[in-house]
**Student:** 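Please find one structure pasted underneath; my questions will follow.
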Amino acid sequence: MIDDLDFTFNCKHLSIGNILRNIEVSTGVIRDYRKGIEIANKFGDKLFVKSNNNGECFRVKTCAAKFLQGHNLFGSNDVIGITHALVLEVTKGLNISIAEKELAAIKRGEFTVNSIDIAWSYRVNGKLIPNIIHEVGNVWRLQGRNVSNYYKESVYLNQHSKVLAFKLYDKKRELGNKPLPANIAQRDKLLTYAKGLIRAELTLHSLALRNHGLTLGRNWSIVKVKEMMELAITQAAFNGSVKHKLMPLQVMRLKLTLRQVYGLWASGIDLNHAYSSQTLRRHRNALLSKGIDIKQPPVKAIRTKKTDIACCFSEDNKCTYPSWAKDHGLIFLPKKVK
């Protein structure tokens with residue numbers, strides 16, 4: 001799906017936005033420029049638009065999926081169709097008209113893509129997502145790559161690169177920090193859908209777009225979106241496996257009592273000598289929900305249960321969108337522009 005999108009399109013208009021003046025201290029050169037304007041949808045998601053070149057064109061930046069459908073759990077790969085819809089939202093929000101020939105140019109893909117985010121989600125065992133992110137980061141570091149983490153819940157390749165970046169993160173966990181709109185339809189169903197989703201996201205900036213010949217909208221087809229993401233997944237070179245154990249951050253999130261039980265179990269202590277059968281059964285059921293069975297010896301439990309990382313990112317695990325999304329207007333699927 002197309003997530004964030006930054007593009008420029010031609011549309012003659014009276015310049016809008018307050019004029020800001022910048023004075024270069026060393027040379028005294030004065031530059032005037034227009035301040036951007038924000039347009040919000042019914043969910044409060046923002047689209048940033050700026051009038052450029054003395055009213056010749058607009059530059060638009062937004063999370064396309066969120067602006068058009070209220071969330072970015074899934075969405076469309078149709079760059080031209082999405083851009084066409086966003087252009088209509090811009091002209092409507094600014095209460096301006098766009099000439100038929102200018103709109104026809106958009107439909108032909110005659111606009112500039114400045115940067116784009118492509119995101120794919122994979123359905124995996126949700127309890128293993130922190131382990132997968134941790135292990136992938138370790139493998140990339142051993143390969144000498146530019147790796148960074150965000151609270152051990154996301155792992156980035158070239159996070160601050162001006163060319164391209166790639167990241168993996170827990171989609172359900174992200175929704176805890178960036179909640180779904182309270183007024184979106186089927187909110188609980190969307191939250192349930194997000195469980196067990198690991199998101200792979202590719203960001204292409206202007207230099208990468210030029211290198212791949214993708215600065216013009218007409219060069220972006222649904223096939224090309226798929227091709228670029230498949231290339232990124234291949235270059236990520238996922239390998240190795242993850243053990244079914246709790247990561248330190250997961251252990252810290254346990255209630256104190258469960259943390260103590262897990263610590264004793266992981267140290268190899270026989271829990272039958274520490275707890276009554278009833279208490280042990282209660283603790284076991286609580287930890288089973290985290291994927292840990294304290295009835296088994298820790299060495300055996302961790303060694304025998306492994307998941308291959310590359311298999312997690314297989315075509316079989318890749319998600320599209322649920323059938324009920326269309327029924328509730330939760331996915332924007334552009335009509336074929338003519």
**Student:** Without swapping roles, check the side chain of D3 against the backbone of D117 for a donor-acceptor pair under 3.5 Å.
**Tutor:** no
**Student:** Give the minimum heavy-atom separation between A236 and W140, together with the two atoms involved.
**Tutor:** O-NE1, 2.8 Å
**Student:** Quick check: does any side chain N or O of D78 sit under 3.5 Å from a backbone N or O of P334, one acting as donor and the other as acceptor?
**Tutor:** no
**Student:** Could you tell me whether the side chain of C63 reaches within less than 4.5 Å of the side chain of N72, counting heavy atoms only?
**Tutor:** yes
**Student:** Looking at Q143, I'd like to know if its CD atom is crowded, meaning that more than 12 non-hydrogen atoms belonging to other residues, nucleotides or ligands lie closer than 6.0 Å.
**Tutor:** yes
**Student:** Say whether I129 and L175 are linked into one hydrophobic cluster, either directly or through other cluster members, by side-chain heavy-atom distances under 4.5 angstrom.
**Tutor:** no
**Student:** Establish whether Y169 and L191 are linked, either directly or via other cluster members, by ILVMFWY side-chain heavy-atom contacts under 4.5 Å.
**Tutor:** no
**Student:** Taking the side chain as C-beta and beyond, is there a heavy-atom pair between N52 and K50 under 4.5 Å?
**Tutor:** yes
**Student:** Verify, without hydrogens or angle tests, whether T192 (side chain) and D188 (backbone) share a donor-acceptor contact under 3.5 angstrom.
**Tutor:** yes
**Student:** Would you say the side-chain atoms of T62 pair up with the backbone N or O of L5, donor to acceptor, closer than 3.5 Å?
**Tutor:** no
**Student:** Report whether I184 and W324 are members of the same hydrophobic cluster (ILVMFWY, side-chain heavy atoms less than 4.5 Å apart, transitive linking).
**Tutor:** yes
**Student:** Does atom NZ of K318 have more than 12 heavy-atom neighbours, drawn from other residues, nucleotides or ligands, at distances under 6.0 Å?
**Tutor:** yes
**Student:** Has the side chain of S161 got a donor or acceptor atom that lies under 3.5 Å from a matching backbone atom of N158?
**Tutor:** no
**Student:** Using only atom types and a distance under 3.5 Å, with no angle test, would you say the side chain of N317 pairs donor to acceptor with the backbone of C311?
**Tutor:** yes
**Student:** Verify the ring-centre separation between F58 and H13: is it less than 6.0 angstrom?
**Tutor:** yes
**Student:** Flag the pair L157 / K167 as yes when at least one side-chain heavy-atom distance between them is below 4.5 Å, and no otherwise.
**Tutor:** no
**Student:** So for atom CZ, which belongs to R218, do other residues, nucleotides or ligands contribute more than 12 heavy atoms lying within a distance under 6.0 Å?
**Tutor:** no
**Student:** What do the steps show when you test T215 against R210 for side chain to side chain donor-acceptor pair (under 3.5 Å), and what is the final call?
**Tutor:** CA-CA 6 Å; T215 54; R210 284 200 298 273; over 6 Å; no
**Student:** Answer yes if the ring centres of F166 and Y156 are under 6.0 angstrom apart, and no otherwise.
**Tutor:** no
**Student:** Against R59, only a single residue in T112, N53, D6 fulfils side chain to side chain donor-acceptor pair (under 3.5 Å); can you say which?
**Tutor:** D6
**Student:** Is the closest basic N to carboxylate O distance between E174 and K171 below 4.0 Å?
**Tutor:** yes
**Student:** Is there a donor-acceptor contact under 3.5 Å from the side chain of Q69 to the main chain of F332?
**Tutor:** yes
**Student:** Give a yes or no answer on whether the side chain of H71 reaches the backbone of A65 with a donor-acceptor pair at less than 3.5 Å.
**Tutor:** no
**Student:** May I ask whether L202 and I82 are part of the same hydrophobic cluster, defined by side-chain heavy atoms of I, L, V, M, F, W, Y residues being less than 4.5 angstrom apart, directly or through others?
**Tutor:** yes
**Student:** Is it true that, when you exclude D270 itself, more than 12 heavy atoms of the residues, nucleotides or ligands shown sit nearer than 6.0 Å to its CG?
**Tutor:** yes
**Student:** Taking only residues two or more places apart in sequence or in another chain, which ones pass ring-ring contact (aromatic ring centres under 6.0 Å, His included) with H205?
**Tutor:** none
**Student:** With sequence neighbours left out, what residues match F48 under ring-ring contact (aromatic ring centres under 6.0 Å, His included)?
**Tutor:** none
**Student:** Apply ring-ring contact (aromatic ring centres under 6.0 Å, His included) to Y193 and list each qualifying residue two or more places apart in sequence or on a separate chain.
**Tutor:** F74
**Student:** Does F238 have any ring-ring contact (aromatic ring centres under 6.0 Å, His included) partners at least two apart in sequence or in another chain, and if so, which?
**Tutor:** F313
**Student:** Could you list the cluster mates of I222? Members are the ILVMFWY residues connected by side-chain heavy atoms closer than 4.5 Å, either directly or through other members.
**Tutor:** none
**Student:** Does any part of the side chain of L288, heavy atoms only, come nearer than 4.5 Å to the side chain of N285, both counted from C-beta?
**Tutor:** yes
**Student:** Side chain of E201, backbone of I118: donor and acceptor closer than 3.5 Å?
**Tutor:** no
**Student:** Is any side-chain heavy atom of W220 less than 4.5 Å from a side-chain heavy atom of L214?
**Tutor:** yes
**Student:** Test salt bridge (Lys or Arg N to Asp or Glu O under 4.0 Å) on K92 and E89 and set out the steps.
**Tutor:** CA-CA 5 Å; K92 177 184 174 183; E89 292 290 338; 5.2 Å; no
**Student:** Hey, does T203 have a side-chain heavy atom less than 4.5 Å from the side chain of D4?
**Tutor:** no
**Student:** The criterion is side chain to side chain donor-acceptor pair (under 3.5 Å); which residues satisfy it with T8, sequence neighbours excluded?
**Tutor:** N114
